[in-house]
Amino acid sequence: MSSENQENRINRVASSKASSNKTDRHKPFRCRHCSKRFEFQSLRKEHEKKHEDPELKCAVCSARFRLKGNLKKHFRQHFLGNEFTKAWKAFINGDISANGTSTGPTSSRVNTRADLKNLRNNREAELSSTGPKPKRIKANPTLESNSKTTKCCDFTDLRYGTSNRFCMAAECRIPPGAKYMCPKTEVDDEIQNYCLECFKDARLDLNEWEVKENTNPKSEEVDECGICKNLFHRVCALNIRTKSSFICQNCSPRGISNMTKKVGTVNGDECAEFMNKKLNEFIVANNKIKTRQIPVTVISFTEMKEVPTSEMCPKLYANQFVVKYSDTVKCVYRAIYAYLRIDEIDVPFFSMFVSEFPSHAGQSWFTINYLDTVPYFKSKGIRRGAMHGKIMLTYIDYMKSIGYENAHIWSNPPKPGDDFIFNVHPIDQRFLGQNELNDWYIRIFQKGKEDGNIQSFKTFKEKMGENAFKNFVDIPIFPDSLWSNVMKETSMENTDKRTFKKKLEVQYKKHTENNFWIKLNEPTGTQPTIPTLHPHPIMGDHEKFMDFCAEMNLEFSTLRRAKFSAVSLNKLINDANCFELFF
């Protein structure tokens with residue numbers, strides 16, 4: 001990946017489209033060992049401790065690796081044929097010692113360069129027996145230098161897109177294609193980008209800065225069919241295979257049908273099964289679709305997270321929050337994706353990341369951390385916004401059914417060009433403003449009351465009017481949430497408790513109408529418990545998912561690219577050997 005594309009990934013900010021738990025959508029502090037970024041230096045310092053752990057070490061040749069997938073890929077070179085599976089399993093179970101001796105299964109270890117060369121030759125022979133080896137054509141956006149043109153489409157400029165960058169001087173954006181200023185040398189691992197207008201007022205030394213353009217230099221790859229020799233864009237051909245020969249659909253019709261087009265039932269998650277049933281009943285009832293058809297599929301991934309209370313509260317009053325929440329806060333972190341089947345391909349159009357707290361200061365809570373959509377849901381009789389709201393209400397219905405009582409949602413609208421879950425939105429996608437988004441939430445919550453799932457919903461202003469929060473400690477906070485970040489930032493700016501309280505009252509006025517406190521109806525389930533977890537190293541992690549899509553240029557800017565991204569992600573979900581290589 002080029003340095004410019006890598007910088008695009010680093011500048012990407014984790015925000016929420018319709019509801020987010022980030023007060024500052026800027027993360028200027030980068031880990032000195034990896035690309036992960038943080039809002040505060042203290043959080044970066046805590047994260048960097050993880051890099052002090054010993055590196056992964058090959059038991060055969062003592063080569064060191066930071067990622068397990070890379071170690072496994074390297075480990076395969078030391079064993080011939082089917083011996084690799086046995087040897088790797090023995091290595092994971094600790095049966096192979098550090099000096100390469102085996103106390104478990106017998107293995108054919110490779111000890112010479114000649115053996116390794118023969119092993120590679122044998123693999124090439126196996127590949128050639130399955131079909132002709134594809135010829136990789138260097139991508140050329142204009143295709144002027146290629147003697148042949150692609151057979152799949154007439155597009156000539158197929159450069160990948162990029163997202164907004166964030167200007168340091170003000171709440172403004174550097175849109176795709178715009179020029180901006182950045183320092184020639186990075187200072188203290190901080191990203192300092194200025195739009196041209198803000199740079200004029202910054203009074204900085206021009207000699208220490210340079211002009212760049214917010215573009216992505218990557219273009220779609222072009223592959224040559226091993227039989228007919230015609231050229232095809234990888235995106236058009238839905239070709240995600242990297243180790244086998246590329247054969248176009250005309251020469252091998254089953255080649256395309258063998259791709260992972262449908263996401264299917266991934267892990268048997270109860271929440272996903274509940275939402276699948278409810279949403280498809282809703283679609284059938286409104287569109288008269290036969291019940292055997294399943295136009296929408298929901299999948300969900302979950303993992304446990306544990307956060308020290310001191311990391312989510314102001315340092316000035318850490319002791320009071322520890323008394324309220326204990327030393328650590330545990331939650332179930334859930335990723336939800338909704339797919340629509342388009343041209344026999346399951347394409348994601350809605351995603352939501354949530355946190356579920358079975359017991360939080362004596363009550364059960366859940367928060368919606370990130371919510372994002374792309375405009376690919378189409379169904380006669382159901383408007384897109386109504387479908388998005390139905391998905392949210394169905395999730396609330398599920399949470400009520402398993403015993404949850406409360407929810408908190410921050411209405412934080414995005415700006416066009418911002419990416420929050422899906423990588424690169426369509427340029428013509430419409431985004432709601434603050435008032436429009438507030439009204440949308442109110443309509444959704446009102447519908448939830450009519451359906452019997454929501455007992456009441458109130459803004460922060462209404463809660464303060466009821467004297468529900470007698471002091472700031474009474475305000476429920478959650479890891480990386482609105483009020484957690486507001487209090488931490490206010491505490492960092494003020495070391496005096498009296499000043500802290502005055503500054504916090506100013507923040508109260510800024511957030512009177514943009515966050516909602518929801519009380520669910522009497523739960524039909526028992527006391528909430530930790531569910532059966534179904535983790536995924538990429539799809540279940542918000543930042544890793546965004547980084548993966550950006551690095552692999554999996555875009556949702558057009559339906560054509562969204563289909564290719566869907567096939568790639570479906571492969572990632574269903575093929576463990578595929579995603580293990582990335583982590």
Side-chain angles (χ1 to χ4, degrees), residues 13-28 38-40 43 164 166-173 198 311-318 320-321 355 365 367-372 406-418 420 431-445 456-518:
V13 178
S15 302
S16 129
K17 179 178 180 209
S19 57
S20 164
N21 278 337
K22 300 285 185 184
T23 55
D24 184 3
R25 290 173 292 201
H26 190 93
K27 294 184 176 181
F38 301 90
E39 293 170 294
F40 309 113
L43 296 181
N164 287 340
F166 291 79
C167 179
M168 288 287 291
E171 283 292 329
C172 65
R173 300 290 191 272
C198 293
E311 292 185 5
M312 69 173 196
C313 69
K315 291 184 178 180
L316 291 172
Y317 297 91
Q320 292 179 247
F321 283 94
S355 295
W365 288 84
T367 63
I368 297 180
N369 305 326
Y370 309 99
L371 190 153
D372 199 0
N406 306 282
H408 180 249
I409 296 176
W410 179 24
S411 171
N412 186 24
K415 293 185 178 180
D418 289 349
F420 315 114
F431 293 85
L432 300 180
Q434 183 67 73
N435 293 333
E436 291 178 304
L437 185 58
N438 290 347
D439 292 341
W440 182 79
Y441 273 117
I442 291 174
R443 291 196 301 270
I444 297 303
F445 299 150
S456 64
F457 61 93
K458 297 177 182 179
T459 63
F460 180 74
K461 181 180 180 180
E462 291 171 333
K463 295 288 285 185
M464 291 294 288
E466 297 176 350
N467 200 25
F469 308 134
K470 296 180 180 179
N471 59 65
F472 63 90
V473 180
D474 293 334
I475 301 175
I477 61 173
F478 311 93
D480 212 13
S481 65
L482 166 63
W483 291 110
S484 172
N485 285 348
V486 166
M487 293 182 190
K488 287 191 298 183
E489 292 171 5
T490 306
S491 177
M492 292 179 65
E493 297 171 356
N494 306 277
T495 57
D496 178 71
K497 292 185 176 182
R498 180 178 298 179
T499 307
F500 168 79
K501 292 181 179 180
K502 289 183 178 180
K503 294 289 185 180
L504 192 59
E505 290 177 357
V506 175
Q507 294 294 329
Y508 289 166
K509 297 178 181 178
K510 293 182 179 179
H511 300 286
T512 55
E513 303 288 346
N514 69 351
N515 61 112
F516 299 90
W517 305 88
I518 303 169

T490 side, atom OG1; K503 side, atom NZ - distance, nearest 0.5 Å: 9.0 Å
Closest contact, heavy atoms only, N164 versus K415: ND2-O, 4.3 Å
Aromatic plane relationship, W517 with F460 - under 30° parallel, 30 to 60° tilted, over 60° perpendicular: tilted
Pairing residues for K509 by the side-chain contact (heavy atoms from CB on, under 4.5 Å) criterion, not counting sequence neighbours: none
Atom of I477, atom of M312 and distance for their closest heavy-atom approach: CD1-O, 3.2 Å
Over all atoms of both residues, closest heavy-atom pair of E436 and F431: OE1-O, 4.4 Å
Validation row: I442, F516 side chains within 4.5 angstrom (heavy atoms): yes
Heavy-atom side-chain proximity of P476 to W365 below 4.5 angstrom: yes
Any P314 side-chain heavy atom under 4.5 Å of F321 side chain: yes
Closest heavy-atom pair and its distance - H511, V486: NE2-CG2, 4.0 Å
K502 side chain near V506 side chain, heavy-atom distance below 4.5 Å: no
With E505 via side-chain contact (heavy atoms from CB on, under 4.5 Å) - residues at least two apart: Y508
Nearest atoms (heavy-atom pairs only) where C313 meets S484: N-OG, 4.5 Å
Close side-chain approach of Y441 to N514, heavy-atom, < 4.5 Å: no
Results of side-chain contact (heavy atoms from CB on, under 4.5 Å) for T512 - residues two or more places apart only: K461
pair C172-C198: side-chain heavy atoms closer than 4.5 Å: yes
Which residues share a ring pair (Phe, Tyr, Trp, His ring centres under 6.0 Å) with Y317, sequence neighbours left out: F472, F500
Pairs where residues 466-476 contributes a residue and the test side chain to side chain donor-acceptor pair (under 3.5 Å) is met, not counting sequence neighbours: K458-E466
N438: side chain to side chain donor-acceptor pair (under 3.5 Å) partners, not counting sequence neighbours: S411, Q434
I368 versus I409, closest heavy-atom pair with distance: CD1-CD1, 3.6 Å
Close side-chain approach of P413 and L432, heavy atoms under 4.5 Å: no
